[in-house]
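Let me begin by presenting the structure, written as structure tokens, before commenting on it.
Letters A, B, ... mirror the listed sequences (proteins, then strands); counts begin at 1. Everything quoted here is computed from the prediction, not taken from an experiment.
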2 protein chains.
Amino acid sequence: MDMNHTVTAKDVAKLAGVSQSSVSRVYFEGAKVSEKTRLKVLAAAKQLGYRPNEFARSLITNRTRIIGLVMKGVDNPFYPQVLTRFTAAFKALGFSVLFVHTNNEELEAEDIEILLNYNVAGVIITDATMSLNVANEFKENKIPLVFFNRKLQTDDFYSVSCNNLDAGRKVAMYLLEKGVTDMVYISGNEDTSTSRERQRGFFEVLESRQIPYTKYASNYTYEGGYQTALKAIRSGHVPAAFFVANDIMALGTVDALKQQGVKIPEETKVIGFDDIEMADWPSYQLTTWRQPVEKMIHFTTSYLMDEIAAYTGKSGKVEVDGALIERLTT
Amino acid sequence: MDMNHTVTAKDVAKLAGVSQSSVSRVYFEGAKVSEKTRLKVLAAAKQLGYRPNEFARSLITNRTRIIGLVMKGVDNPFYPQVLTRFTAAFKALGFSVLFVHTNNEELEAEDIEILLNYNVAGVIITDATMSLNVANEFKENKIPLVFFNRKLQTDDFYSVSCNNLDAGRKVAMYLLEKGVTDMVYISGNEDTSTSRERQRGFFEVLESRQIPYTKYASNYTYEGGYQTALKAIRSGHVPAAFFVANDIMALGTVDALKQQGVKIPEETKVIGFDDIEMADWPSYQLTTWRQPVEKMIHFTTSYLMDEIAAYTGKSGKVEVDGALIERLTT
DNA sequence: GTGAAATTTGCATACGTATGCAAAAAATGG
DNA sequence: CCATTTTTTGCATACGTATGCAAATTTCAC
């Protein structure tokens with residue numbers, strides 16, 4: 001039964017015959033209330049349909065239960081998955097997600113201004129970077145910040161990602177075991193740490209074994225993978241294997257090769273990165289490197305929760321091991 | 001230059017040599033301030049790094065600039081697209097998006113309680129329904145609500161969707177023109193209005209022309225489309241065409257048929273629904289019905305903005321026409 | 001330059017909750 | 001049952017901003 005005006009703690013207090021403070025204490029975790037008044041308050045609250053006003057709360061405590069989640073490439077199916085899992089994880093922890101989308105590789109001040117205005121409890125920045133002075137604003141306001149799936153040049157922040165360097169190495173070794181003699185690496189956007197590191201580990205091994213390779217720069221999209229693969233075989237020479245910096249490009253690569261009549265895995269092999277759902281689809285059955293999403297999310301949320309409980313501003317670079325998922329393209 | 005404590009309007013006022021009210025007025029749209037003080041205030045604000053506290057604002061105005069966006073099936077690539085476009089649209093309007101994810105077809109009270117606690121300015125519910133008493137809570141709190149891509153049984157709410165009934169009819173007529181003699185319809189979750197209406201329009205035309213058809217129930221997932229297609233041709237009879245209730249299932253259908261050696265479009269035709277990005281991929285080139293996403297988003301946002309400006313609680317069922325996108329599977 | 005009108009400003013207060021402090025109540029010990 | 005400790009409660013105030021109202025300032029017409 002709602003009145004016309006919003007129900008406040010004062011209303012509940014009056015009905016329950018207690019003070020507003022007591023009502024507040026019932027809803028404030030860790031505050032002391034006797035069982036008797038708690039029951040009285042809850043009964044009255046239920047009757048009136050009372051719900052604590054989060055804004056008034058935040059105004060006092062100077063903190064919210066909102067996590068800012070900044071995403072860039074939602075066209076990559078890897079990220080919707082990340083988004084839903086984060087949302088589920090935070091819901092379980094009693095936090096909500098303020099979603100911010102950006103198209104720029106580097107976040108601008110305006111993109112994240114809203115997060116500061118809302119005084120979010122923590123921020124996750126996915127698949128993008130930001131200028132340091134913008135990032136420092138979070139530090140100044142003691143808002144914990146995690147870069148997810150991006151490693152930074154500086155040591156001043158906390159980042160969680162897959163161990164891309166090691167993954168690149170393992171992929172190379174796996175292909176060498178398969179007897180592959182020359183390779184192509186198709187990179188994602190070159191200004192991303194993910195692509196660079198995967199590449200570095202991969203090339204490192206190839207060079208040590210003196211395996212010839214070619215690198216093509218692409219952009220983390222299906223169309224990019226498709227066109228780049230076409231370009232790579234235009235000369236007529238088909239390499240023995242393609243390592244593609246993410247799955248969505250790898251699917252484009254597979255389709256381009258199929259369209260050109262190149263048999264996979266007989267004539268060439270393709271290996272992707274991420275292990276998105278589509279990699280397991282029957283028409284692709286893409287061998288890929290699985291990102292340990294659950295673990296990455298775990299490290300991210302637990303860092304944020306710790307920092308929200310007691311801010312230290314500590315930095316770090318967490319890298320979680322993934323695993324090779326072998327399917328039918330190798 | 002940030003102090004340790006958060007910068008308030010009072011600090012800015014002191015530095016600028018004006019009152020806190022004046023600072024407030026500078027940041028409050030539509031309030032009267034002289035150009036002189038505005039400049040003084042902005043200068044001082046910039047120097048101190050002032051940023052109005054959204055919570056204090058909301059506490060007074062009793063409204064926020066947050067839109068609650070409730071999503072269900074983010075595994076369907078149709079929705080990430082919707083999410084980013086909504087986010088972009090609202091950002092342009094000065095609103096932020098609180099993202100809520102649910103797995104249930106019917107939202108529970110707890111799913112949306114957070115939206116009430118945060119006193120969101122408006123709510124969009126995508127791809128899900130909710131019990132009426134939950135929905136009524138929004139009405140009681142005068143929070144505008146739009147069901148996106150779901151039509152309700154009752155007339156009490158506002159919904160925006162594609163004209164699914166008409167789309168079903170047009171698809172049927174298109175296939176008939178192609179000389180198709182018998183058909184299969186693969187439905188999505190049967191408790192969704194989208195699937196039911198597409199089906200109704202489709203069958204209506206077929207029945208009036210006395211074209212035989214079979215219906216298979218599936219679940220809006222790739223795997224569902226794949227398995228259902230296999231089941232449909234298990235008897236050995238391949239229908240002349242498949243109408244599949246969404247693209248992701250249609251892709252599964254295409255893959256299943258390919259895997260069984262059924263030639264598309266020669267031996268059978270497949271037509272999907274949504275026009276997700278993947279429908280245009282070279283290895284699929286799926287003919288499909290394009291949902292007019294931009295228009296749907298436009299109707300949703302403008303309804304919400306109107307209702308936020310002056311709440312009327314008016315209901316309605318907006319249905320926007322889509323269009324057939326002809327590719328290579330028909 | 002003067003008086004009236006129009007605009008701008010500051011003052012004071014309100015929004016709904018959390019919290020330190022002191023008073024009240026309950027629990028404990030003898 | 002009383003004295004003491006512990007727990008619970010209410011009071012009063014603070015959080016940072018918006019806004020009605022009256023005072024102060026500016027604008028305008030003559």
So does B:Lys91 have more than 12 non-hydrogen atoms from other groups sitting under 6.0 Å from NZ? yes
From CZ of B:Arg63 across to C1' of D:dT19 the rounded distance in Å is 14 Å
A:Glu54 atom CD is separated from C:dG16 atom C1', nearest whole Å, by 12 Å
Here the distance between atom C1' of C:dA27 and atom NZ of A:Lys32, to the nearest Å, is 15 Å
**Prompt:** In terms of side-chain heavy atoms, does B:Ser34 have a donor or acceptor partner in B:Thr37 at a distance below 3.5 Å?
**Reply:** yes
key: Contact under 4.0 Å: A:Tyr27 side-chain N or O vs C:dG16 OP1/OP2   = no
Between NZ of A:Lys36 and P of C:dA25 the distance, given in whole Å, is 11 Å
Which of C:dT19, C:dT17, D:dT19 is nearest the side chain of A:Asn53? It is C:dT17
* Asked: Mind checking whether A:Leu304 and A:Phe95 have side chains closer than 4.5 Å, heavy atoms only?
  -> no
**Asked** Think B:Thr61 has a side-chain N or O under 4.0 angstrom from the OP1 or OP2 of D:dT17?
**Response** no
| said: Under 4.0 Å, counting only non-hydrogen atoms across every strand here, what does B:Val23 touch: a base, just sugar-phosphate, or nothing? | reply: nothing
Between NZ of B:Lys14 and C1' of C:dT9 the distance, given in whole Å, is 19 Å
A:Lys317 meets the side chain to side chain contact (heavy atoms under 4.5 Å, CB included) criterion, sequence neighbours left out, with A:Lys151, A:Asp155, A:Ser159
field: Within-4.5 Å side-chain heavy-atom neighbours: A:Ile143 and A:Tyr311
entry: no
For a quick check of understanding: with a heavy-atom distance under 4.0 Å over all strands, which category does A:Ser21 fall into, base, sugar-phosphate or nothing?
base
- For A:Ser24, answer base if it contacts any base atom (sugar-phosphate contacts may also be present), sugar-phosphate if it contacts only those atoms, and nothing otherwise; contact means non-hydrogen atoms under 4.0 Å. base
When rounded to whole Å, the CZ to C1' distance for the pair A:Arg25 and D:dC11 reads 10 Å
When rounded to whole Å, the CG to C1' distance for the pair A:Asn117 and D:dT17 reads 13 Å
Original post:
Under 4.0 Å between a side-chain N/O of B:Ser34 and OP1 or OP2 of C:dT9, yes or no?
Top reply: yes
Taken to the nearest whole Å, CZ/A:Arg57 to C1'/C:dT19 is 13 Å
Report task. Start with the C-alpha gap between B:Val100 and B:Ile114, add the side-chain angles, then the distance that decides, and say whether side chain to side chain contact (heavy atoms under 4.5 Å, CB included) holds. Result -> CA-CA 9 Å; B:Val100 176; B:Ile114 195 71; 4.2 Å; yes
Please tabulate the protein-to-nucleotide N/O contacts below 3.5 Å involving nucleotides 13-15 of chain C, giving atom names and distances.
none

Base, sugar-phosphate, or nothing for B:Val33, non-hydrogen atoms under 4.0 angstrom? sugar-phosphate
**Q.** A:Tyr303 and A:Tyr158 aromatic ring geometry - parallel, tilted or perpendicular at 30°/60° bounds
**A.** parallel
Checklist entry - B:Thr37 near the nucleic acid: base, sugar-phosphate alone, or nothing, with a heavy-atom cut-off under 4.0 Å? => result sugar-phosphate
Residues 117-127 of chain A vs side chain to side chain donor-acceptor pair (under 3.5 Å), sequence neighbours excluded, gives A:Asn62-A:Asn119, A:Tyr79-A:Asp127, A:Asp127-A:Arg150
Comparing nearest nucleotides in DNA chain C, the 5'-proximal residue of the pair B:Asn62, B:Arg38 is B:Arg38
